[in-house]
Amino acid sequence: MTTSTTVTIAASMRGGTKDYGSGDAAVRALDGLDVDIAQSEFTAIMGPSGSGKSTLLHTLAGLDRLTAGESWIGETQITGLSEDKITQVRRDKIGFVFQAFNLIPSLSARENITLPLDIAGRDIDPAWFEEIISILGLGDRLTHLPAELSGGQQQRVAVARALVARPELIFADEPSGNLDSRSGAELLGFMRRAVKEFGQTIVMVTHDPTAASYSDRVLFLADGRIVDEMREPTADRVLDRMKQMGH
Amino acid sequence: MFRLAARSVQHNPKRLLLTAFAVALGVGLIAATHIFTDSLDRGFTRLFGEIYDGVDVIVEPVTSDGDVGDPTSGDSVGKDLDDAVVQTARSTAGVELAMGSTEAVGALIGTDGETLAGGSGFGPPTLFFNWTGVEDFDSATIVDGRAPEGDDEIVVDVGTAEAHGLTVGDQVVAGGADGTYPSTVVGTASWGDGNNTQGATLVWASLDRVRELRGGGDGWSVVHVRVDDGADAEAVAVAIDDRLPDGVRALTGAAKAEEQAASLGEALKAVDVFTLAFAFVALFVGAYIIANTFRIIVTQRTREFGLMRAVGVKGQQVRTMVLAEALLIGLVASVLGILLGYALAGGIIGLLKALGPGESFAVPIIPLDAVAWGFAVGIVVTVASALLPAIHASRISPMEAMRDAATQNRRGLRMRNIVGGALALAGAGLTTVGLYAGLERPYVYVGAGAVLLVLGVTLLAAQLLVPLAYGMRDLLARVWRVDGRLAANNIHREPRRSANTAAALMIGVMLLALTATVTQTVKSVAADAIGGQFTADLMVVSTTVPGSADDAVVADLASVPDVRTVTRSASLDARVDGVLVPVTVLDTATAEEAIAYETEPAFAEIDGGVFVSPSAIEAGAEVGDTVTLVGEDGEVTLEVTGEYPTSGDGDYFVDFAQAERLGTTIDVWQYSIVAAPGADVDHVRADLEDLVATDYPLLTVQSPDDMLALANQLIDLMLAVITALLSGALVIAMLGVANTLLLSVTERTREIGLLRAVGARRRSVRRMIRIESVVMSVFGAVLGIVLGVALGVALIRALEEFGFETVTIPWVLLGVYTVLAILAGIVAAWWPARKAAKLDVLEAIAFDG
């Protein structure tokens, strides 16, 4: 396993600690965790329920705040920033794909895709927009409302929305969790292409070894710490590793 | 089911809070009205009981119709009683004492000429009574000094003495319609137990002086009777009554007190009906909000109801549950509303007491009818409003439990549009018929049409208003980018909800715009009437008692330097074909110059005949015919020699020579003064003021501008009262907007979370809600303004025969209402916007809608 010394870090965390509740009822979700996310890489975060993988994603993305420790998006330290500033970082540097309810029901597919740009008041790059749309195969679906789209199409719109603003990072939380295996495979394939062809950085939380196999690097979490990592994963190897973790 | 309903309310009390408050507000207005009038009613009943307490039997004049004069103005309809009536009462078996009493309306003037009480102007009257020395009959006891003996001695009530710093020995002037009399205050007296005079000034003087103030005569206003010990007052009253001539009656003091209380009760009922109408408007608006709230709640709980249905709960049970929830809300809100009404009525009574005129109120209690009405209305309105949503809930299929919460059950608007369109068309049709078909009483049709039109438009609002608001999507998106677009989308998403919310506001604003249009038109008509009709330079008017028709008054006014003509305008009642009609009496020779009557021919050519108005013409009078006017003591048959162009100023017009032949009291309400050409009107005014101050304290000098200002003041006051009463409905409408937004924020929790996750700031979320609120409010207001002005114009057209020819649109007020609607939208959005902005992003995304 070779580690390149020239990689640029897209996001990182040092001593990341997150407690929920207080006193006896306190639960430690992250326990002094250190992590670096390399640019133009597809990183998957895996771990059993309660291992802290969602918390890691949320705190890295600035959706949630660390109890202790520091984290950065690119060069920007986001721990200690005001709510408004963090929102601005999210708006300008980060894209999101959630498991479900990714889209605003009253906006058409096109309007959903351009939403982050609209919010930021930035102009749309038409060529880039067209390219994304054609890759994701959404060309004839742009005027439809989310309710008129299939689950797979809805998630593809969400990916398009994450890509269109050319964010430094995309965070995806179980993006294929609600899809059948074919739509799921399609979606993950698109995400992988985005990394390979456009150099997009993606961090994805998943509990599905097949989904993880689309990534470049898998981080295994247990009890709020990174316990292992794997490069060039395959579904079988990931599954074996998970079994070792008692999953 | 009731247990489940109670659980559900308990589980989420916040979402029903505003609904309950809206109901409570409406119920509060109704309860307050009842509590207020009940207190006033009991206060006056107590008072009348006190007044007639010591009088066993009262003998008083009545008109041939059996009418009694207005007891508060001292203006009796019938004639004075003569000594024979007193003798008759005195000689009836069982009568111990019978005494005549005379009263007069006048003024109390300081030696410096400043009027202390009564005289020109509004407010409680100044009443003069002759002192009989019989405590029961005077209803008064001397506090300081002694009773009046000589003609220039008076006793004033203690309240008046205190108010004007009068003490025994002070010099004042007693003023009547025809003259003034210097007098000495020789005592003060308490009227009844607490000198509870309702603000009136009471003065006791000698019999001769009161008769002089009354304008002469030697009769009595009323005869008080005390019966022998052990005699039955009622039997004595009947015995006296049997011996009295026509036009005079006898009744017991207790019966008189009851009669007065009852007649006051009638008057209060009118007040009741007036304020209750506004309370019902408030509740009508409230009903929209309740229906809206329950509709939203049912939508939100679709999954829950679906699950219930899946585990075997019947649709009917679901319906019962929703209705039980409504019943619970109605009950709680009614209790709150009644208490709120009690506080409101108590507050107003307290305020009135602090300001002065509140002494006639009894301590407010919550009367049974307030409780009954409060509960009945509160519960019925709530349950009835929840009925449709409840039926909707009962039709939810078990399958809905499985579906995604975001999948909305969109029902078509077709039925709603058809019913709304039919109602609006019927309403518009009825209004048109009323306006142009020339039927009798067109305003009935216009009024009924207006109600239907409003209901129809309310239903159509979903079709009309929502696409309009959605049409502004691009504009909103251009100004506020994505916030504006999302706000427009949200309005569009639930057209019923948005329409009902805006409709609540629409009705309130419509009534305001309607009132404003009508009052503004009345104002400009009044300005035209006063500015155009009265070409006189000055008017001498009497505002308390009708002025004297005596030639001496005219001569005195005419003797003022530079006064060219004095024209009397007066009115009297006479009968034509047995029907009581208003007759206007004028100095016809100079009328044309003093008052710009557009008659055909000129009034100067009346030639001892009669002019008729359109309503008299409608009754069958025509130029060339003869009309017989029957007065109290005579009748005249006159040739119709001309026409008067509008109704409302009297049906028949005659000159004083003919009027005097009727033997009816002629009430002069105005002496119009035309100054000599080139004379300084201010100078003439000052001279006239000096004259009336000393000789005719009940008269006052006014210019046409003064009259206009006075008329405007009254109209403005009316507008203010109606606006205040409508504000209850507007507050409820605002609560409705807030409520809808709040529920809609809850519904959109995940969506808002998502917006925040992809970078929308809190400020931006707040702005989105605010835009939504303002757009809904403004559209509701604009629709209300359009409807209100249209209906106002229709109503004015319907009243054309009363002289309303031109419509004045109150642009300034309409602008103010629009601005207020924007402010209302911002205020209503405050809480929902705050709630939306404070949502935690992660929790919101994970929210199970």
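Just so it is clear: chains get the letters A, B, ... in the order the sequence lines come, proteins before strands, and each one is counted from 1.
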(message) Within this structure, what is the CG-CG distance for the pair A:Leu188 and A:Leu179, rounded to the nearest 0.5 Å?
(response) 8.5 Å
(request) Can you spot which of A:Asn178, A:Thr206, A:Asp173 makes a side-chain hydrogen bond (donor to acceptor under 3.5 Å, both in side chains) with A:Gln99? (result) A:Asn178
(request) Could you please state which residues from residues 755-767 of chain B sit under 4.5 angstrom from chain A, measuring non-hydrogen atom to non-hydrogen atom, sorted by number, or 'none'? (result) B:Leu755, B:Arg756, B:Ala757, B:Val758, B:Gly759, B:Ala760, B:Arg761, B:Arg762, B:Arg763
(request) Answer with side chain, backbone, both or neither: which region of A:Ile94 has an atom nearer than 4.5 Å to a non-hydrogen atom of chain B? (result) neither
(message) When you compare the side chains of A:Thr114 and A:Arg110, does any donor N or O come within less than 3.5 Å of an acceptor on the partner?
(response) no
(request) Could you pull out the closest heavy-atom pair between A:Leu60 and A:Ile78, with the gap in Å? (result) O-CD1, 3.7 Å
(message) Checking A:Thr76 against A:Lys85 for the side-chain hydrogen bond (donor to acceptor under 3.5 Å, both in side chains) test, could you report, in this order, the C-alpha distance in whole Å, the side-chain angles of both residues, the deciding distance, and whether it holds?
(response) CA-CA 11 Å; A:Thr76 314; A:Lys85 283 279 186 324; over 6 Å; no
(request) Quick one: list whatever passes side chain to side chain donor-acceptor pair (under 3.5 Å) with A:Arg225, sequence neighbours left out. (result) A:Asp31
